Protein chains: 2
Amino acid sequence: MSDDRWVPPTVLLAVDLVILTLRKSCLHVLLIERGVEPYQGALALPGGFLGHEKEDLVTAAHRELAEEAGLGPDQLHLEQLGVYGAPDRDPRGRVVSAAYLAIAPRLPEPVAGTDASRACWTSVERALSGDAQLAFDHEQILTDGIDRAREKLERSALATAFCGPTFTISELQEVYEAVWGVPLDARNFYRKVQSVDGFIVPAGPSRKTDGGRPARLFRPGPCTTLHPPMMRPLSQADRETA
Amino acid sequence: MSDDRWVPPTVLLAVDLVILTLRKSCLHVLLIERGVEPYQGALALPGGFLGHEKEDLVTAAHRELAEEAGLGPDQLHLEQLGVYGAPDRDPRGRVVSAAYLAIAPRLPEPVAGTDASRACWTSVERALSGDAQLAFDHEQILTDGIDRAREKLERSALATAFCGPTFTISELQEVYEAVWGVPLDARNFYRKVQSVDGFIVPAGPSRKTDGGRPARLFRPGPCTTLHPPMMRPLSQADRETA
DNA sequence: GCAATAGTGTCTCTGAGACATTATTGC
DNA sequence: GCAATAATGTCTCAGAGACACTATTGC
């Protein structure tokens, strides 16, 4: 096990991004059509190698976020998802990837000001349905990212990151329904989110254009963790129950 | 931003382990006194560089687990914690560390068969109390590991990983109390864990030596996720509530 | 008026928390 | 018998879910 003068192996470090947003009441992820080998022409998560020797991981994530998606660091949730380092995950050699999960508010149009404009929002349903073969192990990373988002909606105020600076309770409900993939009772949801202290706070008198009664506007509250948590109706849970 | 023939920087990849166990009703972590610079003499999490170019991350974690703690892959929970890659976290250069969280059942004696036998179980209270200055960013990694364990006790059957193949409900309660740092009502705990379907299953008639009535033995059940979750009494939660 | 969406009230039932009580061991 | 621990029962109250109802807009 011990050679003389053993030197640890070096690896290439990449950063990959799972960028989620809501479009037309559906959860979407930003994918990029690869222009070069390997996996040329296939869809992949935005990402890239570390820019330079001294670049921090989060900094690299923000850089890719700006370069490939035109998204600035403001009004955007970013958290680390994990590291993916299977020896054969990249045919070019040993590439270890730090994956980050980003949540973007509803954007009017598909990624304004994108540099590599092969980027496109894809519904997660399509992205994971095997139709669109994702490059590398990006299907796994995407799955993990969505799972993380689903879990964090329960105990954290992450849902507000899908919305703009102000939002209505219906919009917030739309987020939960889209990410969890289940319908929720509007009345109970209304009561629930208001009862969780510090989750959302009123933001001035209301205004909305929908055809019905105007809805009140809210802003994200000071609390990041929800007590008690939002409860997700069990969907895959019953499978585990023998 | 674009040199001719830009080459992405390479990094050294390390694996660090947060190994938690219960000793004397207290949560303990395995720390190792460093024998070489940097941080010679300081306490650090067990870990090391990737063994060779083709070694998988989890494999490396298991290898370190065996080498530095004498712990085999059986009867041991291991999950990824995250990646730590601040540019200045290691004075030797750019070292990016994949952190893993391991949960070991109560061991009779301190790390039998340890190779580098500078390893010692340290109570997390001591490890985090600033007294024992941990090397690198290991205090942060340890904090994250404990937080992860605390969270996962709520929604997963992770607590059973702290116990042997069979255990009593009191032993399981000890785990929750030690990891969460709060006392729990034995009667309510008893009712609760039994009511969560598939969490624990009876394992033959009981036998225990304590002086009181013998307790029934249980094994981990088939369910990994708990529905409904175990509820942790709020401790830091009230701080967030304005 | 009607349709549509926002917001409120009320009921029920599950489950968490706070206890008292009974059961089974060693001494 | 007593001490100690295991296991069960009972009560109350908070909160999730189901659903009827009222309020405010555009037409």
Side-chain angles (χ1 to χ4, degrees), chain A residues 25 153-155 163 166-177 180 182-218 223 225-235 237-238 241, chain B residues 25 153-155 163 166-177 180 182-218 223 225-235 237-238 241:
Chain A
S25 298
L153 245 56
E154 293 187 55
R155 340 202 75 62
C163 304
T166 63
F167 48 86
T168 68
I169 292 189
S170 307
E171 285 169 348
L172 195 61
Q173 182 182 344
E174 234 187 312
V175 172
Y176 275 90
E177 292 183 324
W180 283 352
V182 293
L184 298 173
D185 184 278
R187 286 104 30 133
N188 292 334
F189 185 84
Y190 197 95
R191 189 163 30 84
K192 173 63 181 175
V193 293
Q194 296 242 65
S195 75
V196 177
D197 216 61
F199 185 10
I200 55 173
V201 295
S206 45
R207 182 51 60 104
K208 265 300 266 184
T209 62
D210 261 31
R213 169 176 173 176
R216 278 183 281 183
L217 288 175
F218 292 85
C223 281
T225 61
L226 270 32
H227 285 276
M230 302 289 293
M231 290 288 241
R232 164 167 48 161
L234 24 97
S235 42
D238 33 42
T241 318
Chain B
S25 300
L153 246 55
E154 292 187 57
R155 341 202 75 61
C163 303
T166 63
F167 48 85
T168 68
I169 291 189
S170 306
E171 285 169 348
L172 195 61
Q173 182 183 345
E174 234 186 312
V175 172
Y176 275 90
E177 293 183 325
W180 283 350
V182 293
L184 298 174
D185 183 278
R187 287 108 24 139
N188 293 333
F189 185 83
Y190 197 94
R191 190 164 29 85
K192 172 66 181 173
V193 293
Q194 298 242 65
S195 74
V196 177
D197 215 61
F199 185 9
I200 57 175
V201 294
S206 46
R207 183 48 60 104
K208 265 299 265 183
T209 62
D210 262 32
R213 169 176 175 177
R216 278 184 282 182
L217 288 176
F218 292 85
C223 281
T225 60
L226 271 32
H227 285 275
M230 303 288 295
M231 290 288 242
R232 164 167 48 160
L234 24 95
S235 42
D238 34 41
T241 317

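A, B, ... follow the sequence lines: proteins, then strands. Residue 1 opens every chain. Quantities reported herein were computed from a predicted structural model and do not represent experimental measurements.
Atom CG of A/Leu226 is separated from atom P of D/dA16 by 11 Å (rounded to the nearest Å). As a whole-Å value, the separation of A/His227 NE2 from C/dA16 P is 16 Å. With rounding to whole Å, A/Phe189 atom CZ is found 18 Å from D/dC19 atom C1'. Atom CG in B/Leu184 sits roughly 19 Å away from atom P in C/dG15 (whole-Å rounding). Separating the CE atom of A/Met231 from the P atom of C/dT14 is a distance of 14 Å, rounded to the nearest angstrom. Per the geometry, CD belonging to B/Glu154 stands 14 Å off C1' belonging to C/dA16, to the nearest Å.
Shortest non-hydrogen contact noted between B/Glu171 and B/Thr166 is OE1-O, 4.3 Å. Looking at every heavy atom in both residues, B/Trp180 comes nearest to B/Met231 through CZ3-O, 3.7 Å. Shown here for B/Leu217 and B/Thr168, the closest heavy-atom pair between the two residues is CD2-CG2, 3.8 Å. Looking at every heavy atom in both residues, B/Pro229 comes nearest to B/Lys192 through O-NZ, 3.3 Å.
The distance between the ring centers of B/Phe189 and B/Tyr176 falls below 6.0 angstrom.
In terms of phosphate contacts, A/Lys192 brings no side-chain nitrogen or oxygen within less than 4.0 Å of OP1 or OP2 of D/dG15.
Every residue two or more places apart in sequence or in another chain that forms a side-chain contact (heavy atoms from CB on, under 4.5 Å) with A/Glu177 is listed here: A/Gln173, A/Pro183, A/Leu184.
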*In B/S/- notation, 5' to 3', how is nucleotides 3-14 of chain D contacted by protein heavy atoms closer than 4.0 Å?*
-BBBSBB-----
